[in-house]
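Scroll down for the structure; my scribbles are underneath it.
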Amino acid sequence: MINKKSNFATTAFLIVTMLLVQVTSSARTTSDLSKAAIIPRPVSITGTGGYFALKAHTNIYIRGESDELKQVGQYLADKLKLSTGYSIDVKTAATTPGSGNIYLTLSENNSNPGLGDEGYELIINKDLAMLSANTTAGLFRGIQTIRQLLPAKIEMASKQKGPWRIATGTITDYPAYSYRGTALDVARHFFSVEDVKRLIEFLACYKMNVLHLHLSDDQGWRIEIKSWPELAKHGGNTQVGGGKGGYYTQEQYSEIVNYAKKRYITIVPEIDMPGHTNAALASYAELNCSGKATELYTGIEVGFSSLCTKLEITYKFIDDVVRELSALTPGPYFHIGGDESHSTKREDYIPFINKVQDIVMAHGKKVLGWDDIAISSLKPGVVAQHWSNVKNASMAVGQGAKILMSPAKKAYLDMQYDKSTKLGLHWAGYIEVDSAYIWDPANYIPGIGKENVLGIEAALWTETITNMKEMEYMIFPRLPGYAEIGWTPSSGRNWSEYKVRLGKQAERFKAMGINYYPSVLVPWEATK
Ligand code: TNX
């Protein structure tokens, strides 16, 4: 009896141990590179069935002396150091370094044209991980792939146990669209520089390259303008619900721009006009047709405010704002808003938008505007951001404009996942994680094809979003899907395959401390 019992116990113990071994080893790096769960899914992966591993002596070698190359190498070193506990250095090597290292090289004279400006090639053999690209931006994108090939705990900020293995093989990868963005509304609720930096890091992980900041609205003005100081000082004092608001000084804005730049992310500033301007109208009486300043506003209704389109000073104001903000913004675009100007007459709106386009172009920037601007005469090079009105998008294309795709029904990060979601709105519908993923910017609107589309942008409006944890809950896990729509060719995208890769990101979300919505549609591989 006693013997039988202990036999049973031993067998049970063995079975449990075997199961545990299986579970833990399935969480380990696969030796088949083609099974790696990378988001966005790379254009091509070939596995060779072995392993490369980071070791205590691993260093990052760069070929060439440029500061940018060093900086990109250092970014990777900093990501790997904390969790591995290895003292990874960035060194220069003209020829292939020894075993166990990572080698970053720029191809000479753009010698791999297929990779374009942001593509990369990653060749991993058992001795070396070699990343090459035409540009440092391409290397930076490839570094995100290296991160995702390593075990998820590579993202932890404290020392973890290895092994730090990557399957061997080759990845060749480049984006489908040149503009892959996220918009953040910092006007309805203000977000600190630290919060914006955290968001920029998320975008970087998934190879996104634009952060559009909605810097002004009825409820708040968020950027210091030295020639019109009351905009920020007075107009920055409020936010939805009556909180204290806030604004970025020009130095802080530049800090955000530079932080993004180091991650090859462009900041697109938006000053919404002629509607959505109550914060400005409350700050300067002379901008109002009545000559009287309005009251600050903390509600969420839209469409009641308008700049006074017939006043000369309105254009002086716009010129000053565009000039100061353009000087702080190295990226090519200036976003003029133009949406929901319900209290501006059509006959005033059209000449207004025409004039504002000229002002922006005179300051050396390309005009971006919501699709509403298509009723005016779009100047060459203007981009219309499609959010709601399909007719406007078609009119913009009819005028030769490119479209940035942000259809509210698919790409609005403030739309609730389903009826049970507490945060967010649902005026454009509920957007579950599958619905957010299953659409194609190149055939979303009849008559608008890939050649008319600049890219995709997901937008987080913040009427109901008050802090970083809430922001994370609305953007994760939809954000990686938008990144994939922008990067991966449509032929490589399929929800039933994608959801498995997304499920594997849970461990990374956890390691990064991300508060995400655990949709039941996704086979999550780690518990929250
Ligand atoms: C529509 S998108 C707006 C925003 C709101 C958003 C809320 C756009 C161009 N206008 O002002 O914040 O809906 O979902």
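Just so you know, ligand 1 is whichever comes first in the structure, and atom 1 is the first atom listed for that ligand.
- Not a single heavy atom of Gln385 sits less than 4.0 Å from an atom of ligand 1.
- Checking each of Phe476, Tyr517, Phe202 against Phe509 for a ring-ring contact (aromatic ring centres under 6.0 Å, His included) leaves exactly one that passes, namely Phe476.
- Below 4.0 Å from some heavy atom of Met415 lie the following atoms of ligand 1, by number and element: 14 (O).
- Protein heavy atom at the shortest distance from atom 6 (C) of ligand 1 is Trp461 CG, 3.7 Å.
- Close placement of the Tyr248 and Phe190 rings is indicated, their centers lying within 6.0 Å of each other.
- Contact detail for Arg478 and Ile431: the closest heavy-atom pair is NH1-O, 2.9 Å.
- Judged by the shortest distance from any of its heavy atoms, His214 lies outside the 4.0 Å radius around the atoms of ligand 1.
- Near Trp427, with a cut-off below 4.0 Å to any heavy atom, the atoms of ligand 1 are 1 (C), 7 (C), 13 (O), 14 (O).
- Atoms of ligand 1 found under 4.0 Å from any heavy atom of His276, numbered from 1 in the order shown, are 11 (O).
- Scanning all protein heavy atoms for the shortest distance to atom 11 (O) of ligand 1 gives Arg188 NH2, 3.0 Å.
- Nearest to atom 9 (C) of ligand 1 by heavy-atom distance, out of Asp414, Leu413, Asp371, Asp339, is Asp339.
- For the atom pair OG1 (Thr309) and NZ (Lys355), the distance works out to 8.5 Å, reported to the nearest 0.5 Å.
- At a 3.5 angstrom cut-off on N or O pairs, Glu340 counts as close to ligand 1.
- Close contacts of ligand 1 with Trp370, meaning ligand atoms under 4.0 Å from a residue heavy atom, involve 9 (C).
- The residues Glu201 and Arg198 are annotated as not salt-bridged, no charged nitrogen and carboxylate oxygen being separated by less than 4.0 angstrom.
- Among the atoms of Glu463, some N or O lies under 3.5 angstrom from an N or O of ligand 1.
- Taking the six-membered ring where the residue is Trp, Tyr417 and Tyr473 present perpendicular rings, their angle passing 60° and hence far from 30°.
- Annotation: cation-pi geometry not satisfied between Lys402 and Tyr179 (NZ/CZ under 6.0 angstrom from ring centroid, within 45° of ring axis).
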